[in-house]
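Beneath this line is the structure, given in structure tokens, with notes to follow.
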Amino acid sequence: MIRAFIALPLPAEIRSQLAVTQFLLPLPRPVPPANMHVTLAFLGEVPEAVLEEADTAFAALRAAPLTLSVSGLGVFGGEKPRNVHASLAPSPALDHLQGRIVQAARRAGIRVAGRRFVPHVTLGRMSPGQVGAHELAKAFGEIGAVASPPFTVAEFALYRSILRADGPVYDVLAEYPLGG
Ligand code: 3AM
């Protein structure tokens, strides 16, 4: 079994910009900038043969490169924050590609949860309640508007996630070019 997910890698400039933002936030477990990504579909623990079939389906998807931008900060977990992230500006092309990826994964036999897609880059995680919602809101206010210039993403990738005590380790198993 391989614990896997599909995500968009981010340009180094954007990861560097978000690394600066991380320093301004109370983040008990910041995501190392090298690990920053936009998750499109969490695949869970998948048998290797199934993952190979999904890989073939992902490789067959054709889509244009995406133009994206960071626009704002957000929290998952409401009053008991567990995830602090940078939000992406709405992109119908991204939503469409994400839907096709989920569809391809399901056709290959992977059970992908049907939760709503909220495009984001996780900046840090915390145990629920470890950092107060109010404290985060205050930090957001002090930081002010967070936005990046538009950037192009010309591939999506299949990642393996190995859970370790000091945080997950990600490996890129396959890359799928967009517009190639
Ligand atoms: O990109 P983010 O940080 O939102 O939280 C995990 C991370 O999402 C998520 O998959 C991404 C890559 O690890 N993830 C981990 N376990 C999950 C699960 N059981 C999960 N998403 C949904 N269900």
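Just follow the structure's listing: the first ligand is 1, and inside any ligand the first atom is 1. The figures here come from the full heavy-atom set of this structure, side chains too, leaving out hydrogens, waters and symmetry mates.
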What side-chain donor-acceptor pairs closer than 3.5 Å can you find for residues 6-35, not counting sequence neighbours?
{"residue": "Arg15", "atom": "NE", "partner": "Leu10", "partner atom": "O", "Å": "3.0"}
{"residue": "Ser16", "atom": "OG", "partner": "Ala12", "partner atom": "O", "Å": "3.0"}
{"residue": "Gln17", "atom": "NE2", "partner": "Ala147", "partner atom": "O", "Å": "2.9"}
{"residue": "Thr21", "atom": "OG1", "partner": "Gln17", "partner atom": "O", "Å": "3.3"}
{"residue": "Gln22", "atom": "NE2", "partner": "Val31", "partner atom": "O", "Å": "2.8"}
{"residue": "Gln22", "atom": "NE2", "partner": "Leu123", "partner atom": "O", "Å": "2.7"}

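Using a 4.0 Å heavy-atom cutoff, Arg3 is listed among the residues neighbouring ligand 1. Judged by the shortest distance from any of its heavy atoms, Tyr170 lies inside the 4.0 Å radius around the atoms of ligand 1. Heavy atoms of His85 come nearer than 4.0 angstrom to ligand 1 in no pair at all.
Contact of the Val46 side chain with the Ile2 side chain is not registered, since no non-hydrogen atoms from C-beta on lie closer than 4.5 Å. When side chains are defined from C-beta on, Phe76 counts as touching Val118, because their heavy atoms get closer than 4.5 Å.
In terms of protein heavy-atom proximity, atom 11 (C) of ligand 1 is closest to Thr39 OG1, 3.4 Å. What sits closest to atom 23 (N) of ligand 1 on the protein, heavy atoms only, is Phe42 CD2, 3.4 Å.
Near His120, meaning under 4.0 Å from one of its heavy atoms, ligand 1 places the atoms 1 (O), 2 (P), 4 (O). Of all the atoms in ligand 1, the ones that sit under 4.0 Å from a non-hydrogen atom of Arg115 are 22 (C), 23 (N). Every atom of ligand 1 is numbered from 1 in the order shown, and the set under 4.0 Å from a heavy atom of Phe5 is 12 (C), 13 (O).
Each of His120, Met126, Arg125 was scored for a side chain to side chain contact (heavy atoms under 4.5 Å, CB included) with Val84, with one residue passing: Met126. Checked against Tyr176 for a side chain to side chain contact (heavy atoms under 4.5 Å, CB included), the options Ile101, Leu158, Leu61 give a single hit: Leu158.
When the heavy atoms of Thr122, Leu40, Val112, Val121 are ranked by distance to atom 2 (P) of ligand 1, first place goes to Thr122.
Sorted by first and then second residue, the salt bridge (charged side-chain N to carboxylate O under 4.0 Å, His left out) pairs with a member in residues 164-178 read Arg160-Asp171; sequence neighbours excluded.
A distance of 11.0 Å separates CZ in Phe42 from CD1 in Ile110, rounded to the nearest 0.5 Å.
Residue contacts with ligand 1: Arg125 is placed with a nitrogen or oxygen under 3.5 Å of a nitrogen or oxygen of the ligand (distance criterion only).
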